[in-house]
Amino acid sequence: MKPSTRLITVSLALAALLPAMHGCAVGALVGGMAESYNRTRTKTIPAQYIGLEGKSYAVVIAADRIIQAEFPNLTAVLTDRINTRLATFAGASGFIPTQTTLAYLLNRPSWVSMPLGELADELGVDRLVYIDLYEFRLHAPGNSYLWDGVAAGTVAIIEADGYAPDEFAFEREITMKFPDTDGYGPGDLDRNLVSSVLVARFVDRSSWLFYEHEEPYYPDY
């Protein structure tokens, strides 16, 4: 049933009940039904930065050595998923394929000390989607018995064709957590599941910044 049809049905049912109910009871019923309806629908969220439209871009992710040592494929996975999402939905005129970007960074380890505007020029793009992944863990330090996953980073934009190409034209902090409640350990949730959910949530929140999208009315993250 379409949302509009469902809402009409609910409204008619409510109208039939109203004559027999007192004011407070009516208010409680209306409020409860509205909340129930909201939990089944989505809302449109606008992009926070639209400057990728009509521009070329590359996605570059920097991560601490400790993160890279524990999760050696993490930056490659994040780069590819975010790159794919933006290429599909952000309206860019072009982008650097993930493998090309990763190969460039691997062959030039000194890129971490380069001005970001220069890095964008080297890659030949108008925009650099730069992500500083400063935390990615599956449990709290010193406690391997319970999952307490966190993925956190700064998502920023370098406008290579702007007046300040080495400064962030846009910047947001992203922090994702999983599980959503305490008390889960390896006997309850698999390590790969915890890691996969954290990655998926971080990809969503990072890429959603750059295009209009739908989210649940009451999002889980």
Side-chain angles (χ1 to χ4, degrees), residues 42-64 67-68 71-136 151-176 196-216 219 221:
T42 62
K43 54 185 176 182
T44 301
I45 306 297
Q48 295 189 35
Y49 177 86
I50 60 173
L52 294 183
E53 294 181 3
K55 302 291 185 177
S56 60
Y57 75 89
V59 176
V60 171
I61 298 179
D64 186 274
I67 295 176
Q68 295 185 54
F71 306 96
N73 296 321
L74 178 61
T75 55
V77 170
L78 287 174
T79 302
D80 187 56
R81 293 191 184 182
I82 293 172
N83 205 15
T84 299
R85 191 78 69 83
L86 297 182
T88 304
F89 297 109
S93 62
F95 64 96
I96 304 298
T98 299
Q99 292 305 318
T100 301
T101 302
L102 295 177
Y104 172 89
L105 300 179
L106 179 64
N107 292 326
R108 294 169 179 78
S110 61
W111 74 268
V112 294
S113 61
M114 293 173 58
L116 292 177
E118 182 180 337
L119 178 58
D121 285 340
E122 286 283 320
L123 292 170
V125 293
D126 304 314
R127 301 285 183 268
L128 190 68
V129 181
Y130 177 77
I131 300 175
D132 176 17
L133 184 70
Y134 52 76
E135 185 172 17
F136 192 92
T154 302
V155 181
I157 291 289
I158 288 292
E159 295 181 345
D161 56 358
Y163 68 91
D166 293 325
E167 298 179 9
F168 292 155
F170 172 87
E171 182 179 3
R172 291 291 184 274
E173 297 293 323
I174 302 292
T175 300
M176 294 289 99
S196 296
V197 172
L198 277 177
V199 166
R201 290 184 173 189
F202 192 83
V203 169
D204 279 345
R205 285 295 165 195
S206 298
S207 57
W208 281 346
L209 295 170
F210 305 112
Y211 60 89
E212 184 178 274
H213 61 280
E214 296 291 318
E215 292 185 27
Y221 56 93

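Heavy atoms only: backbone and side chains are in, while hydrogens, waters and symmetry mates are out. On a predicted model such as this, the values are computed, not experimentally measured, just so you know.
Pairs passing the salt bridge (Lys or Arg N to Asp or Glu O under 4.0 Å) check and including a residue from residues 163-176, sequence neighbours excluded, do not occur.
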Next item on the list: Give the C-alpha distance, both sets of side-chain angles, the deciding distance and a yes or no for side chain to side chain contact (heavy atoms under 4.5 Å, CB included) between L128 and Y57.
Entry: CA-CA 5 Å; L128 190 68; Y57 75 89; over 6 Å; no
Checklist line | Chi angles and distances behind the side chain to side chain contact (heavy atoms under 4.5 Å, CB included) call for R81, T84 | finding: CA-CA 5 Å; R81 293 191 184 182; T84 299; 5.8 Å; no
Next item on the list: Begin from the C-alpha positions of V199 and L74 and carry the test side chain to side chain contact (heavy atoms under 4.5 Å, CB included) through to its verdict.
Entry: CA-CA 8 Å; V199 166; L74 178 61; 3.7 Å; yes
Next item on the list: Please step through side chain to side chain contact (heavy atoms under 4.5 Å, CB included) for the pair F210 and V129, ending with a clear verdict.
Entry: CA-CA 10 Å; F210 305 112; V129 181; 4.3 Å; yes
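F202 CZ to I61 CD1: the interatomic distance, rounded to the nearest 0.5 Å, is 7.0 Å. Distance check: I158 CD1 to E118 CD gives 12.0 Å after rounding to the nearest 0.5 Å. Rounding to the nearest 0.5 Å gives a distance of 6.5 Å between CZ of R108 and CD of E122. Distance CG/N73 to CG/D80: 11.5 Å, rounded to 0.5 Å. Between atom OH of residue Y130 and atom CZ of residue F168 there is a gap of 6.5 Å, rounded to the nearest 0.5 Å.
For D121, the side chain to side chain contact (heavy atoms under 4.5 Å, CB included) partners are A160, not counting sequence neighbours. Partners of R85 under the salt bridge (charged side-chain N to carboxylate O under 4.0 Å, His left out) rule, at least two apart in sequence or in another chain, are D204. In this structure E215 satisfies the salt bridge (charged side-chain N to carboxylate O under 4.0 Å, His left out) test together with R205, sequence neighbours excluded. Partners of T101 under the side chain to side chain contact (heavy atoms under 4.5 Å, CB included) rule, at least two apart in sequence or in another chain, are A58, V60, I96, L105. Annotation: salt bridge (charged side-chain N to carboxylate O under 4.0 Å, His left out) contacts of D64 (sequence neighbours excluded): none.
Taking the six-membered ring where tryptophan is involved, the planes of F71 and F136 are perpendicular, since the angle between them exceeds 60° and thus also 30°. Ring geometry for Y49 versus F170: interplanar angle of 30 to 60°, hence tilted.
What you find for P46 and T44 is that their closest heavy atoms are CD-O, 4.0 Å. Nearest heavy atoms, F95 versus A87: CE2-CB, 3.5 Å. Contact record, K55 with A92: O-CB, 3.1 Å, taken as the closest heavy-atom pair. Taking both residues in full, the closest heavy atoms of A152 and L133 are given as O-CD1, 3.5 Å, listed atom of the first, atom of the second, then distance. Scanning both residues, P216 and K43, for their nearest heavy atoms gives O-CE, 3.7 Å. Residues A151 and L198 come closest through the heavy atom pair N-CD2, 4.0 Å.
The side-chain heavy atoms of F89 and H213, taken from C-beta on, include no pair separated by under 4.5 Å. Residues Y211 and T88 fail the side-chain proximity criterion, which asks for heavy atoms closer than 4.5 Å. Between I174 and I131 there is no side-chain heavy-atom pair separated by less than 4.5 Å. V197 is not listed as a side-chain neighbour of Y221, based on a closest heavy-atom distance of 4.5 Å or more. Within the 4.5 Å cutoff, side-chain heavy atoms of I157 are placed close to those of L52.
Using modelled atom types, no side-chain atom of N83 and backbone atom of T79 make a donor-acceptor pair closer than 3.5 Å. Listed for the S56 side chain is no donor-acceptor partner under 3.5 Å among the backbone atoms of S93.
Neither side chain, D132 nor T154, offers a donor N or O lying under 3.5 Å from an acceptor on the other.
Annotation for I50: atom CD1 does not count as buried by contact number, only 12 or fewer foreign heavy atoms lying within 6.0 Å.
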